[in-house]
Amino acid sequence: RVYQYIGVDAKNFFAFEQKILNEGAHSSKLNPTSALIKLLASHLQDQIQEAKRYLPSEDGLRQVHNALVAYTAFWILFSTGYRAVNDLVFRLREIDWTTGFMVISDKDDDSQSNSRIVWLQPQLLDQLRDYMLHLEVLQLRVAQHETLHEHIEDVLSNPRPDAALLFFISEKWHVSR
């Protein structure tokens, strides 16, 4: 679902033109240049600021959360080379908060035999800590949305390995991966 944040329409998901072209020997249509990454980071930061204008409304809370998820997800993807096939899913316990190393298992099977270790920059660790604080506050404010409240509890307490750390909230207040 993050394709919407880079200006790709869902119906053109596999057939789109990149606005900032890359020259080089890469096979991907979306081969981000430094200019594109800076533009995207700036755009995502602006999205967070714009969503904050709607606080303290419930819809503003949802918009801020979704903008924060997109920003954090792209930061993880670009920093680690994580290749999320379906979801950007990892558990907090897979992060060593002291060294910054994290185990990721992307494009892998159930045995996780292709797992690898990546390093998260201190700034990204700080972003993840801020995101966790955000989830704690969000959980307090969404008690009336039981499914969402329970999902956040699963993320914060780690009982379910399939609970997505990064998730969007739909207009009907459901978890959207």
Side-chain angles (χ1 to χ4, degrees), residues 1-7 32 34 36-84 86-106 116-171 173-177:
R1 297 194 187 241
V2 292
Y3 58 84
Q4 65 188 353
Y5 289 95
I6 58 173
S34 296
L36 178 63
I37 292 171
K38 287 176 185 175
L39 183 66
L40 179 62
S42 177
H43 171 73
L44 293 172
Q45 289 169 344
D46 290 346
Q47 291 284 311
I48 294 169
Q49 294 307 314
E50 183 178 324
K52 285 181 179 180
R53 295 183 321 168
Y54 299 101
L55 290 174
S57 75
E58 192 173 72
D59 191 55
L61 186 63
R62 184 183 63 79
Q63 289 182 41
V64 167
H65 172 80
N66 288 345
L68 185 60
V69 166
Y71 177 73
T72 304
F74 273 107
W75 195 344
I76 292 168
L77 291 169
F78 285 126
S79 296
T80 66
Y82 197 109
R83 301 163 302 196
N86 294 313
D87 295 322
L88 183 61
V89 177
F90 59 90
R91 294 179 299 253
L92 291 173
R93 66 177 179 227
E94 294 169 342
I95 300 172
D96 181 329
W97 294 93
T98 305
T99 64
F101 288 108
M102 178 175 88
V103 176
I104 59 174
S105 180
D106 54 357
R116 57 194 170 99
I117 296 174
V118 296
W119 181 71
L120 305 177
Q121 308 93 321
Q123 299 89 337
L124 180 51
L125 288 173
D126 289 343
Q127 176 66 26
L128 288 169
R129 284 184 190 98
D130 289 345
Y131 178 73
M132 298 310 297
L133 291 172
H134 159 77
L135 286 182
E136 290 174 11
V137 171
L138 180 64
Q139 186 180 30
L140 295 172
R141 303 228 6 230
V142 298
Q144 71 278 20
H145 302 289
E146 191 173 326
T147 305
L148 176 59
H149 188 270
E150 288 175 6
H151 181 84
I152 296 171
E153 181 62 30
D154 287 342
V155 169
L156 294 174
S157 61
N158 280 320
R160 282 191 17 222
D162 63 333
L165 172 64
L166 298 170
F167 58 91
F168 294 102
I169 301 172
S170 73
E171 289 183 7
W173 289 87
H174 297 292
V175 172
S176 178
R177 296 169 101 172

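Residues Val142 and Ile169 are not in side-chain contact: their nearest non-hydrogen atoms beyond the backbone lie 4.5 Å or more apart. Counting heavy atoms from C-beta on, the side chains of Gln123 and Trp75 come closer than 4.5 Å. Within the 4.5 Å cutoff, the side chain of Met132 has heavy atoms near those of the Val155 side chain. Looking at heavy atoms from C-beta onward, Val64 lies out of side-chain contact with Leu61 at the 4.5 angstrom threshold. At least one side-chain heavy atom of Pro56 sits less than 4.5 Å from a side-chain heavy atom of Arg141. When side chains are defined from C-beta on, Tyr131 counts as touching Val69, because their heavy atoms get closer than 4.5 Å. Side chains of Val175 and His145 form no contact here, defined as non-hydrogen atoms less than 4.5 Å apart.
Annotation for Gln144: atom CD counts as buried by contact number, over 12 foreign heavy atoms lying within 6.0 Å. For Leu55, the CG atom is densely surrounded, since the number of other residues' heavy atoms within 6.0 Å is greater than 12. The local environment of CD in Glu146 is sparse, with at most 12 non-hydrogen atoms from other residues, nucleotides or ligands closer than 6.0 Å.
Here the straight-line distance linking atom CG of Leu128 with atom CD1 of Ile95 works out to 5.0 Å at 0.5 Å rounding. Note that CG of Leu165 is 9.0 Å distant from CG of Leu156, once rounded to the nearest 0.5 Å. For the atom pair Thr80 OG1 and Gln121 CD, the distance stands at 9.0 Å (nearest 0.5 Å). With values rounded to the nearest 0.5 angstrom, Gln47 atom CD is found 12.5 Å from Leu68 atom CG. One distance of note links CZ of Arg53 with CD1 of Ile48; it measures 14.5 Å at 0.5 Å rounding. The OG1 atom of Thr72 sits 8.5 Å away from atom CG of Asp130, with the distance rounded to the nearest 0.5 Å.
Side chain of Tyr54 to backbone of Arg62: no donor-acceptor contact under 3.5 angstrom is found.
Residues His149 and Gln139 come closest through the heavy atom pair CD2-O, 3.1 Å. Annotation for Ser170 and Ser176: closest pair N-CB, 4.5 Å, computed over non-hydrogen atoms. Shortest non-hydrogen contact noted between Ala164 and His151 is O-NE2, 2.9 Å. Counting all heavy atoms, side chain and backbone alike, Leu125 lies closest to Gly100 at CD1-CA, 3.7 Å.
In this structure, the side chain to side chain donor-acceptor pair (under 3.5 Å) partners of Thr99, at least two apart in sequence or on a different chain, are Asp96.
Counting only residues at least two apart or in different chains, salt bridge (Lys or Arg N to Asp or Glu O under 4.0 Å) contacts with residues 36-45 are absent.
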TODO: Apply side-chain contact (heavy atoms from CB on, under 4.5 Å) to Leu133 and Arg129, showing your working.
DONE: CA-CA 6 Å; Leu133 291 172; Arg129 284 184 190 98; 5.7 Å; no
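Aromatic ring pairs are classed by plane angle as parallel below 30°, tilted from 30° to 60° and perpendicular above 60°; the pair Phe167 and His65 is tilted. The aromatic rings of Phe78 and Phe74 sit parallel to each other, their planes meeting at less than 30°, with 60° as the upper class boundary.
Applying the side chain to side chain contact (heavy atoms under 4.5 Å, CB included) test between Ile76 and each of Ile104, Leu120, Leu166, Val118 identifies Leu166 as the sole match.
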